[in-house]
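Read through the structure below, which is laid out as structure tokens, and then see the notes.
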There are 2 protein chains.
Amino acid sequence: MYKSIEEHITKHVSPTAKELYQFTSFLKEITIDKGQFLVEPGQIVKHKYFVIKGGLKAYYIDPKGNKHIIQFAVENWWVGDFDAYYNNVPSKLHIEVLEDSELLSIDYDSLQKIYDDMPIFERYYRILVTNSTIAQRKRILSSLEKNTQERYLEFCEAYANIENRVPNYDIANYLGVSPENLSRVRKQLKKLNIS
Amino acid sequence: MYKSIEEHITKHVSPTAKELYQFTSFLKEITIDKGQFLVEPGQIVKHKYFVIKGGLKAYYIDPKGNKHIIQFAVENWWVGDFDAYYNNVPSKLHIEVLEDSELLSIDYDSLQKIYDDMPIFERYYRILVTNSTIAQRKRILSSLEKNTQERYLEFCEAYANIENRVPNYDIANYLGVSPENLSRVRKQLKKLNIS
DNA sequence: CAATTCCATTGACCTATATCAATTAAGATA
DNA sequence: TATCTTAATTGATATAGGTCAATGGAATTG
């Protein structure tokens with residue numbers, strides 16, 4: 001059960017076997033079905049989640065009623081509303097389960113205790129969140145620099161395993177374009193590939 | 001000299017006086033003039049910087065030759081190319097000094113030593129980078145959700161002290177719009193304020 | 001298998017913003 | 001102050017992508 005999270009951790013830092021055991025002993029196993037919500041707006045968020053199996057999407061619905069996908073999460077990703085989790089403010093996000101999923105959760109208080117007792121895990125999260133910042137910077141640059149076609153190709157490359165698991169309108173949404181526009185871009189790409 | 005960085009640290013974590021002293025003893029003071037570059041593309045980045053006084057901008061020039069401002073930094077901000085710094089890859093960014101500035105720098109190896117010896121500073125950076133991730137998520141959402149006028153107003157609010165210190169074309173660039181368009185938006189806003 | 005629902009595609013049209021060119025305003029320098 | 005340079009503004013035009021409406025497929029459900 002804990003194999004994938006242990007691998008993920010040891011890919012980034014080197015805790016002792018005992019530390020690793022202590023860490024995983026705080027985790028709770030969760031199974032949740034497609035269509036369910038892990039987080040909904042207004043909720044106080046006490047957990048974040050590691051995906052063992054399945055897929056989810058995190059999105060925000062703005063005051064105009066438009067939906068904006070912030071993140072997809074599949075195997076070996078952490079997902080949650082980090083703003084709500086760390087700053088103890090009500091969530092503004094929906095986190096929806098796209099496929100029946102198995103997750104591990106860790107609650108805020110346990111994580112604080114882990115940070116206090118075993119700084120190696122503070123390092124683990126520092127590294128993860130640093131990587132996440134770098135990835136988000138790339139997303140910002142990408143939206144400034146590239147047109148829809150380029151961004152779509154980049155997405156397919158970066159999330160090869162996700163591309164066929166989520167509907168196109170969700171991909172369009174993630175890219176910040178209309179489904180119609182993405183459809184046209186895909187059509188153009190098909191032409192190019194065939195000829 | 002170290003007052004502002006010490007205040008910044010103790011706003012987020014609570015090191016002992018000794019730890020704080022040890023931390024600051026690794027810092028180097030730097031003065032650098034307007035127009036100079038802290039980082040340029042291709043460089044190996046060994047330092048990151050805390051702004052005591054002055055202002056800088058970090059930007060990327062894409063293969064098409066277009067410039068994209070990633071970040072402004074003024075007093076009490078950390079600035080650097082974190083991708084290059086942490087992943088030891090050549091920088092792709094320009095970090096340019098906008099006003100004569102006083103900075104503190106910390107080099108990578110010293111910071112690793114600090115992390116090893118005093119986990120409280122690992123926590124400090126974990127918190128900072130978490131906040132940075134949350135801020136970047138807001139920037140991504142903002143670009144998806146809001147039009148130029150709304151984003152400009154948001155910018156002026158969020159960076160009240162920056163707005164009058166950088167040229168409009170840099171603000172336009174940061175927002176991902178043309179200077180002409182920002183000019184028109186500003187014109188509209190003036191009308192609304194007067195009437 | 002038929003019915004239904006959801007999703008992708010296509011077409012027609014519209015809008016925000018980019019681009020290009022010219023002008024004015026503001027700063028910097030001699 | 002006059003000159004030069006840089007930035008901001010304005011106008012005219014072009015375009016990527018949005019929106020709305022209709023159609024065609026695919027997948028799910030009874």
Side-chain angles (χ1 to χ4, degrees), chain A residues 33-36 55 57 59 61-62 64-69 72 96-100 141-156 162-194, chain B residues 33-35 55 57 59 61-62 64-69 72 96-100 140-156 162-194:
Chain A
D33 290 345
K34 177 174 176 173
Q36 300 286 102
K57 65 179 173 186
Y59 59 91
I61 294 184
D62 70 32
K64 297 169 192 159
N66 297 314
K67 174 175 156 183
H68 307 284
I69 296 182
F72 295 107
E96 184 181 341
V97 181
L98 294 172
E99 308 167 355
D100 295 359
L141 277 179
S142 186
S143 79
L144 292 171
E145 176 186 345
K146 296 177 177 169
N147 62 24
T148 306
Q149 178 172 318
E150 292 167 320
R151 294 217 305 290
Y152 177 66
L153 290 172
E154 187 179 69
F155 178 89
C156 292
I162 298 184
E163 188 215 335
N164 295 310
R165 289 165 67 177
V166 304
N168 281 325
Y169 64 81
D170 271 346
I171 296 177
N173 188 293
Y174 178 86
L175 296 175
V177 302
S178 67
E180 293 93 335
N181 189 23
L182 181 61
S183 175
R184 286 177 181 116
V185 164
R186 284 158 49 85
K187 191 180 177 185
Q188 283 187 335
L189 288 172
K190 274 180 214 156
K191 272 190 198 164
L192 294 177
N193 284 339
I194 291 167
Chain B
D33 289 344
K34 177 175 177 172
K57 64 179 173 186
Y59 60 92
I61 295 184
D62 70 31
K64 297 168 191 160
N66 296 314
K67 174 174 156 183
H68 307 284
I69 296 180
F72 295 106
E96 184 181 339
V97 181
L98 294 171
E99 308 168 354
D100 295 359
I140 291 171
L141 278 178
S142 185
S143 79
L144 293 171
E145 175 186 344
K146 296 178 177 169
N147 63 23
T148 306
Q149 178 172 319
E150 290 166 322
R151 294 218 305 291
Y152 177 66
L153 290 172
E154 188 179 68
F155 177 89
C156 291
I162 297 184
E163 189 215 335
N164 296 310
R165 288 165 67 177
V166 304
N168 281 324
Y169 63 80
D170 272 345
I171 296 177
N173 188 294
Y174 178 87
L175 296 175
V177 301
S178 67
E180 294 93 333
N181 189 24
L182 181 61
S183 174
R184 286 176 182 117
V185 164
R186 284 159 48 85
K187 192 181 176 183
Q188 282 185 337
L189 287 172
K190 272 180 216 157
K191 270 191 198 163
L192 294 176
N193 283 338
I194 291 166

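Because the structure is a prediction, the values reported are computed rather than measured. To find a chain, count down the sequence lines: A is the first, B the second, and so on, and within it residues start at 1.
Among all heavy-atom pairs drawn from B:Leu175 and B:Arg151, the shortest one is O-NH2, 2.6 Å. The two residues B:Ile69 and B:Tyr174 make their nearest non-hydrogen contact at O-CD1, 3.8 Å.
Contact check, A:Arg186 against C:dT9: a side-chain N or O comes under 4.0 Å of OP1 or OP2. OP1 and OP2 of C:dT19 both lie 4.0 Å or more from every side-chain N or O belonging to B:Ser178. Within the 4.0 Å cut-off from OP1 or OP2 of D:dT10, at least one side-chain nitrogen or oxygen of B:Lys187 is found. Note on A:Lys190: every side-chain N or O is 4.0 Å or more away from OP1 and OP2 of C:dA8.
Between A:Lys64 and B:Glu150 there is a salt bridge, since a side-chain N of the basic residue sits under 4.0 Å from a carboxylate O of the acidic one. Using a 4.0 Å cut-off between charged nitrogen and carboxylate oxygen, B:Lys67 and B:Asp170 count as a salt-bridge pair.
Taking atom CG of B:Asn164 as the reference point, atom P of D:dA7 lies 17 Å away to the nearest angstrom. Between B:Arg165 atom CZ and C:dG27 atom C1' the separation is 19 Å, expressed in whole Å. If you take CG of A:Leu175 and C1' of D:dG18, they are 15 Å apart, rounded to a whole angstrom. Atom CD of B:Gln188 and atom P of C:dT15 are 15 Å apart (whole Å). Remark: C1' of D:dG18 and CG of B:Leu144 are 14 Å apart, rounded to the nearest angstrom. Atoms CG (B:Asn181) and C1' (D:dT13) sit 15 Å apart, rounded to a whole Å. Following rounding to the nearest Å, A:Leu182 (CG) and C:dT9 (P) show an atom-to-atom distance of 8 Å. Here the C1' atom of nucleotide C:dA16 and the NZ atom of B:Lys146 are 18 Å apart, to the nearest Å.
Closest to the side chain of B:Glu180, from the set C:dT10, D:dG18, C:dA21, is C:dA21. Nearest nucleotide to the A:Thr148 side chain, out of D:dG17, C:dC7, C:dT17: D:dG17. In this structure, of C:dT17, D:dG17, C:dT10, it is D:dG17 that holds the atom nearest to the side chain of A:Asn147. Comparing D:dA8, D:dG17, D:dG18 by their nearest atom to the side chain of B:Asn168 picks out D:dA8.
Note: B:Phe72 and B:Phe155 have perpendicular aromatic rings, judged against thresholds of 30 and 60 degrees for the angle between ring planes.
Residues A:Gln149 and B:Asp170 each lie close to DNA chain D; by heavy-atom proximity, the contact nearer the 5' end of the strand is made by B:Asp170.
Note on B:Arg184: a base of the nucleic acid sits closer than 4.0 angstrom, heavy atoms only.
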